[in-house]
Amino acid sequence: WSSDVCSSDLVDLNRAGPVELSLLPGVGPTLARRIAEDRDARGPFADVEDLGRVRGVGPRLLEQLRPRLTVGAPRPERPEEPAQKKIAPP
C-alpha cells in the first residue's frame, strides 16, 4: 500500500458530485454538498485553490486535499429534454 496518489485517483472538483466529494478525507456529506452548491452557484473552480472559497474549507483542509484534487473542464450541462415529435395525422 502506497501513500502516493496516481492521477487516476484524483477527484475533479468540476465534475465530482457530492457522493464522490464526500469520500475525500475530511469532507463529509454536508461539506461535499456545499462544494457542489458553490460550484453550481458561482461557476466552475479555476484551480484547486478556489476550493478555499467554500465555507468550511480552511487552509489546513485545503493543504490536506490538494494532492488528491484536480480541476478539469466543467461538467457539461444536462441535455435539454428532446422536443416531442409531432406526428402528422394519416
Check your understanding: Hey, does the side chain of R39 reach the backbone of A16 with a donor-acceptor pair shorter than 3.5 angstrom?
Key -> yes

Check your understanding: Which heavy atom of P25 sits nearest a heavy atom of Q64, and at what distance?
Key -> CB-NE2, 3.5 Å

Review point. Distance-only, no hydrogens or angles: does the R68 side chain make a donor-acceptor pair with backbone N or O of V11 under 3.5 Å?
Key: no

Study note, to complete from the structure: Value for CG (L51) from CD1 (I35), rounded to nearest 0.5 Å, stands at 5.0 Å

Check your understanding: What pair of heavy atoms forms the shortest contact from L31 to L61, and how long is it?
Key -> CD2-CD2, 3.6 Å

Check your understanding: Can you list the steps and then say if R66 with E63 is a salt bridge (Lys or Arg N to Asp or Glu O under 4.0 Å)?
Key -> CA-CA 5 Å; R66 187 177 285 115; E63 190 63 33; 2.4 Å; yes

**Study point:** Side chain D12, main chain G72, donor-acceptor under 3.5 Å
**Key:** yes

Review point. Can a salt bridge be assigned to the pair R34 and E37 using a cut-off of 4.0 Å between side-chain N and carboxylate O?
Key: no

Point to revise | Trace of the side chain to side chain contact (heavy atoms under 4.5 Å, CB included) decision for L24 with L69 | key: CA-CA 9 Å; L24 290 164; L69 299 174; 3.7 Å; yes

Point to revise | Whether D47 side chain and D50 backbone form a donor-acceptor pair below 3.5 Å | key: yes

Check your understanding: L13 pairs by side chain to side chain contact (heavy atoms under 4.5 Å, CB included) with which of V54, T70, V71?
Key -> V71

Study note, to complete from the structure: Nearest heavy-atom approach of A32 to P18 is CB-O, 3.2 Å

Review point. Do N14 side-chain atoms and P44 backbone N/O form a donor-acceptor pair below 3.5 Å?
Key: no

